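For clarity, every value in this text was computed on a predicted model and none was experimentally measured. Letters A, B, ... are given to chains in the order of the sequence lines, protein chains preceding strands, and every chain is numbered from 1.
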Protein chains: 2
Amino acid sequence: MTSNIPEVVILRLPLYARVLRGLADRGEDVVSSQRLGDLLHSTPAQIRKDLSYFGRFGKQGRGYRVDHLLRELRQIMGLERQWSVILVGVGQLGKAILTYGGFAPQGFHVVAAFDSDQSLVGTSVGSLTVQASGELAETVKQHQPQLAIVAVPGHACQSVVDMVVRAGIKGILNYAPHQAQVPEGVWVRDIDPVGALQSITYYLKPNGS
Amino acid sequence: MTSNIPEVVILRLPLYARVLRGLADRGEDVVSSQRLGDLLHSTPAQIRKDLSYFGRFGKQGRGYRVDHLLRELRQIMGLERQWSVILVGVGQLGKAILTYGGFAPQGFHVVAAFDSDQSLVGTSVGSLTVQASGELAETVKQHQPQLAIVAVPGHACQSVVDMVVRAGIKGILNYAPHQAQVPEGVWVRDIDPVGALQSITYYLKPNGS
DNA sequence: TGCAGTCTGTGAAGTTTGTCACGAATTAGG
DNA sequence: CCTAATTCGTGACAAACTTCACAGACTGCA
């Protein structure tokens with residue numbers, strides 16, 4: 001039974017949560033869909049409609065209580081718990097991801113890092129020791145992480161994805177420039193900065209307005 | 001006059017180009033929309049429709065010539081030229097971006113890096129020397145870069161975006177966790193790994209299928 | 001208490017995006 | 001040359017998504 005909530009809506013939830021966090025930090029108690037729309041470059045109707053998929057969180061004549069709505073959203077997205085993440089690929093990108101401080105505050109903890117390069121295995125990056133790819137299945141069985149970050153070259157992506165999927169991982173954040181094939185029930189999001197730039201240049205190309 | 005080609009189509013073009021590059025590397029001459037669809041997890045009809053917005057590149061009974069279609073797509077996206085990029089924010093993330101080897105092969109060259117932290121200004125990262133943010137306008141005037149990568153903390157994002165926009169930049173790749181406001185005619189793409197993970201956990205939350 | 005003003009939640013309408021299915025072009029093999 | 005097998009390009013159709021617009025709920029003030 002796949003839920004009937006559009007995926008585009010799910011993709012917007014993190015943005016809503018982020019903006020609400022900002023409002024909470026600035027001590028704002030209540031926010032209207034109008035105001036949220038301004039902050040998100042979206043429309044009030046869109047925001048109300050999106051939220052209505054999950055329940056009724058606002059109050060007519062007032063708006064939404066910031067802390068309440070934020071808690072609800074975090075609940076909906078499953079963020080009221082910690083998530084364990086493994087990293088595969090400890091090259092430059094992988095190292096940057098390991099030392100990046102943005103994941104942990106949101107409850108995503110990298111608990112193990114793997115690489116196929118034997119000269120990396122055993123070295124320390126941040127607080128982790130790089131493990132051999134061969135140990136992945138065993139380590140996953142022990143720590144039961146739910147997510148994997150893949151930061152390997154494009155040509156290695158599919159085999160790495162296959163490996164983590166076989167180990168039981170159901171969510172993958174893929175930095176490799178490759179569309180990985182995954183079975184039903186496994187979720188992949190691609191991070192593609194180069195593609196993002198390329199889709200910008202399309203609009204800049206006819207130079208002028 | 002905004003073009004009437006859907007933005008979703010434009011966002012798919014880089015993926016098409018990437019897959020075609022892979023096929024070209026493997027020496028394949030011709031590819032059908034069926035095959036492309038398999039590789040992209042898309043449908044043949046979608047691909048034919050997308051391509052038809054730009055012209056007629058295929059041949060009935062055969063398919064698309066890989067090298068020809070790739071060249072056409074690169075032309076369409078404006079990739080048959082080099083693009084100059086500036087980086088703002090030379091923290092851990094910024095440094096990783098500077099040393100990342102994925103941009104240059106696609107024609108995106110980082111020509112200058114800026115940071116507001118005086119202790120970073122003057123230091124070398126990769127082949128660049130970090131400049132003070134105050135020099136940005138002047139440097140942009142000289143080098144005429146078309147794109148900017150923003151890799152600063154969320155709270156600094158908007159002011160940095162304002163600055164690069166004022167300097168004349170029309171395309172921004174934003175790594176900061178903040179939805180920047182930009183005037184008409186400026187294009188922003190956000191890179192949001194944390195948000196991507198959060199939209200995955202939504203689906204994993206009801207643990208089971 | 002009553003009234004004017006605000007703002008949500010939601011069916012219905014409208015728009016955008018994706019799929020279907022078929023004519024026409026091309027190839028390959030007698 | 002003729003026929004069977006492919007495959008594109010595209011208008012018509014369907015599905016998905018967004019916007020509209022309004023009833024109903026709440027607030028604040030006199």
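- A:Arg12 comes within 4.0 angstrom of the backbone, heavy atoms only, and of no base.
- Between A:Gln179 and B:His41, the side chains place no donor N or O within less than 3.5 Å of an acceptor N or O (distance only, hydrogens not considered).
- A straight line from CZ of B:Arg48 to C1' of D:dG11 spans 13 Å, rounded to a whole angstrom.
- Within the nucleic acid shown, A:Arg62 comes within 4.0 Å of sugar-phosphate atoms alone, with no base atom in reach, counting heavy atoms only.
- If you walk DNA chain C from 5' to 3' and mark each nucleotide with an atom closer than 4.0 Å to a heavy atom of chain A, the marks span C:dT6 to C:dA12.
- Contact check for B:Ser199 versus A:Leu11: side-chain heavy atoms found under the 4.5 Å cut-off.
- If B:Arg56 and A:Lys59 are placed on DNA chain D by their nearest nucleotide, the residue sitting closer to the 5' end is B:Arg56.
- Here D:dT18 presents its P atom at 13 Å from CG of A:Leu51, a figure rounded to the nearest Å.
- For the pair A:Val130/A:Phe114, no side-chain contact is recorded, criterion being any heavy-atom separation below 4.5 Å from C-beta on.
- Between the C1' atom of D:dT10 and the CD1 atom of B:Ile47 lies a distance of 16 Å, rounded to the nearest Å.
- The distance from atom CG of A:Asn4 to atom C1' of D:dA15 is 14 Å, rounded to the nearest whole Å.
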Checking side-chain hydrogen bond (donor to acceptor under 3.5 Å, both in side chains) for the pair B:Thr139/B:Gln131: CA distance, chi angles, key distance, verdict? CA-CA 9 Å; B:Thr139 304; B:Gln131 297 178 254; 3.0 Å; yes
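- When the side-chain nitrogen and oxygen atoms of B:Ser33 are compared with OP1 and OP2 of D:dT7, none of them lie within a distance under 4.0 Å.
- In this structure, B:Arg81 satisfies the cation-pi test against B:Trp83, with its NZ or CZ atom closer than 6.0 Å to the six-membered ring centre and inside 45 degrees of the ring normal.
- The side chain of A:Gln46 places an N or O atom within less than 4.0 Å of a non-bridging phosphate oxygen (OP1 or OP2) of D:dT19.
- Rounded to whole Å, atom C1' of D:dT18 lies 18 Å from atom NE2 of A:His41.
- Taking atom CZ of residue B:Phe57 and atom C1' of nucleotide D:dT10, one finds them 15 Å apart after rounding to whole Å.
- With A:Lys205 contributing its side chain and B:Ile76 its backbone, the two residues share a donor-acceptor pair below 3.5 Å.
- Side chain of B:Ser33 to backbone of B:Ile47: no donor-acceptor contact under 3.5 angstrom is found.
- Taking atom CZ on B:Arg35 and atom P on D:dT7, their separation rounds to 12 Å, with Å as the unit.
- Atom pair A:Ile5:CD1 and D:dA16:P shows a separation of 15 Å (rounding to whole Å applied).
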